[in-house]
Visitor: 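This structure is in structure tokens; I'll ask about it shortly.
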Number of protein chains: 2
Amino acid sequence: MRNPYYGPVPEKKPIPRPAARRLSLYLRELSSRLEQGEATVSSKALGRSLGLTDAQVRKDLAICGQLGHPGRGYTISDLVGSLRKIMGRDRDWRVCVVGSGNIGRALVSYDRFRREGFEIVAVFDANPAVAGQEVGGLRVQPMRDLSTTVAAERINLGIVAVPREAAQQVADALVAAGVRGILNFAPRRIEVREGIGIVSVDFTVALEQLAFQTATGLDLSFEDGDHADEPTDGDAPTSV
Amino acid sequence: MRNPYYGPVPEKKPIPRPAARRLSLYLRELSSRLEQGEATVSSKALGRSLGLTDAQVRKDLAICGQLGHPGRGYTISDLVGSLRKIMGRDRDWRVCVVGSGNIGRALVSYDRFRREGFEIVAVFDANPAVAGQEVGGLRVQPMRDLSTTVAAERINLGIVAVPREAAQQVADALVAAGVRGILNFAPRRIEVREGIGIVSVDFTVALEQLAFQTATGLDLSFEDGDHADEPTDGDAPTSV
DNA sequence: CTCTGTGAAAACATTCACAGCG
DNA sequence: CGCTGTGAATGTTTTCACAGAG
């Protein structure tokens, strides 16, 4: 959104991938501080809470524009507002869960989603015996209703909580129904077409990372645990 | 802790952090192929499944030693064996879950853990009303039994599935009881002393990453979803 | 010809260090 | 002073490209 007509090109600079991952953590910490009644915070203090250096924090927050006040720090509410906007947290996210097994049910009942602005409005399950049961205040719907409900409820994100074997198929159905992004809990890589978001969480991978850290002794340590697959275009790089 | 005496030192080179994250994904994909009855695989084919370039795959697998056969590819079973060893998957992991809410119960019942060699042998809950109930074949124990049971059952990993407010305290209790690593599902950073492993999974952060990807349109995509906090030593860098 | 292993180059990310604001 | 914003330096990861094995 700069330099309309001709000239050196609009050029919205891309957010560094590792920074993008950290943005969520800033938002989480800042919201928490805001609730505690704090009004400002310095890059040093924030870094301490998050295990980052102050320089790193300043570089990351520079993504939000120049919100810091030299000598004073950052105004938390401004930062929260800016982060929410950048991360797409200012819009409405309407979510459905596919799979009403242990994980699906736990997610539907996970109150924090709603409090954070992600509203789960439908649950589906392929098992006809389960359809009609109630989970977290919602009636489980049969898969056949998927596309109708996604449209009617204006659902834009889908959560896949089905067995490995069914995961890709379910993801395809969700995309076909119109969701724009998928959060996958099945232990496999999901391929989606360009333009559809995909993030995966694999509990076993997380435990394995932990075993690795623990076995390796004390040294190496790393970051994020859940992974975001690549939008499967041609020769997409990135991870599963 | 570096180079005690003088001399060239054995020098086991450290595994690049991003590579460490990918190792789990290789193992997952390779195990699956092994089950399908495949015996060998090329870096190119593996990369295709995982969304990585063939060069990346070769560099990563070089960590396991020289297991590839030029012109032929890698023998999957060798790779799986080597990966399991490197990742500490060759030993026994005995796990307890603290918190028998929705998430805790889902995890206790998550069969894949056992099949992958992580045995959940105890569940704890601070609520006395819950103690004694059965969850996934285990009797929920009161917190007061934590250290006794951890010792008696030789538990080495703990899963924290309690509300945010109690998380740090529970983590401290687990470490005091003797676990060597913690998998944290509470939405906050957990601090542990040097030498204790820590990996966090935050569902809201994962959904947020998805919202970000989706809102940002089609472009940037990233990796892992769950995060591993840093072992809180002095000025530890890394993320939450 | 296919496919690995690997230095060397390129891209990317973090840390440093300091000018400048309040 | 304390603290931000940012180029320049450093460190890390990925990609390239090719020699050499089967």
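Any value given below was found using the heavy atoms of this structure, including those in side chains, with hydrogens, waters and symmetry copies removed.
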Visitor: Would you check if there is a donor-acceptor pair between the side chains of A:Arg72 and A:Ser42 at a distance under 3.5 Å?
Guide: no

Visitor: With heavy atoms under 4.0 Å as the rule, sort B:Arg58 into base, sugar-phosphate or nothing.
Guide: base

Visitor: Rounded to the Å, how far apart are B:Leu52 CG and D:dT13 P?
Guide: 15 Å

Visitor: Nearest of C:dC18, C:dC3, D:dT13 to any side-chain atom of B:Pro70?
Guide: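 Ranking C:dC18, C:dC3, D:dT13 by closest atom to the B:Pro70 side chain puts C:dC3 first.
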
Visitor: Heavy atoms under 4.0 Å, any strand shown: does B:Gly68 hit a base, just sugar-phosphate, or nothing?
Guide: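 B:Gly68: backbone/sugar contact only, no base atoms under 4.0 Å.
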
Visitor: Give the nucleotide from the list D:dT6, C:dG5, C:dT15 with an atom nearest to the side chain of A:Gln66.
Guide: D:dT6

Visitor: Tell me the interatomic distance from A:Lys44, atom NZ, to C:dA17, atom P, rounded to whole angstroms.
Guide: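 Rounded to the whole Å, the gap is 16 Å.
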
Visitor: Think B:Ser43 has a side-chain N or O under 4.0 angstrom from the OP1 or OP2 of C:dC3?
Guide: no

Visitor: Want to settle it: does A:Gly73 or A:Lys59 sit nearer the 5' end of DNA chain D, counting the closest nucleotide to each?
Guide: A:Gly73

Visitor: Just by distance, no angles: are the side chains of B:Arg164 and A:Ser32 close enough, under 3.5 Å, to form a donor-acceptor pair?
Guide: yes

Visitor: Across the strands shown, which category fits B:Leu67 at heavy-atom distances under 4.0 angstrom: base, sugar-phosphate, nothing?
Guide: sugar-phosphate

Visitor: Calculate the interatomic distance between B:Arg21 atom CZ and C:dA13 atom C1'; express it in whole Å.
Guide: 13 Å

Visitor: Over how many whole Å does the gap from B:Tyr74 atom OH to D:dA21 atom P extend?
Guide: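 Atom-to-atom, B:Tyr74 to D:dA21, this comes out as 16 Å.
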
Visitor: Send over the distance from B:Asp60 CG to D:dT15 P, rounded to a whole Å.
Guide: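 After rounding, the reported distance stands at 10 Å.
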
Visitor: For A:Ala19 and for A:Gly71, find the nucleotide of DNA chain C with the closest heavy atom, then tell me which residue's nucleotide is more 5'.
Guide: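 The residue closer to the strand's 5' end, by nearest nucleotide, is A:Ala19.
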
Visitor: Whole-Å distance between C:dA13 P and A:Leu23 CG?
Guide: 14 Å

Visitor: Under a plain distance cut-off of 3.5 Å, with no hydrogens placed, do A:Glu208 and B:Ser24 share a side-chain donor-acceptor pair?
Guide: yes

Visitor: From C-beta outward on B:Arg17, which listed nucleotide comes closest to its side chain: D:dT4, D:dT15, D:dT13?
Guide: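 In terms of side-chain proximity for B:Arg17, the closest of D:dT4, D:dT15, D:dT13 is D:dT13.
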
Visitor: Specify the separation, in whole Å, of atom CD of B:Gln56 and atom P of C:dA9.
Guide: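 Interatomic distance, CD of B:Gln56 to P of C:dA9: 20 Å.
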
Visitor: What's the CG-P distance between A:Leu61 and D:dC3, to the nearest Å?
Guide: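 After rounding, the gap between these two atoms is 15 Å.
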
Visitor: Could you pick out which residue, A:Arg72 or A:Ala62, lies toward the 5' side of DNA chain D when each is mapped onto its nearest nucleotide?
Guide: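 Comparing both residues, the 5'-ward one is A:Arg72.
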
Visitor: Between B:Phe203 and A:Phe185, does a ring pair (Phe, Tyr, Trp, His ring centres under 6.0 Å) hold up when you go through it step by step?
Guide: CA-CA 10 Å; B:Phe203 296 151; A:Phe185 282 85; 5.6 Å; yes

Visitor: Taking atom types as modelled and ignoring hydrogens, do the side chains of A:Ser43 and A:Asp54 form a donor-acceptor contact shorter than 3.5 angstrom?
Guide: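 A:Ser43 vs A:Asp54: no donor-acceptor pair found between side chains.
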
Visitor: With a 4.0 Å cutoff (strictly under), does any side-chain N or O of B:Arg22 reach OP1 or OP2 of D:dT14?
Guide: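 True: B:Arg22 side-chain N/O within range (under 4.0 Å) of D:dT14 OP1/OP2.
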
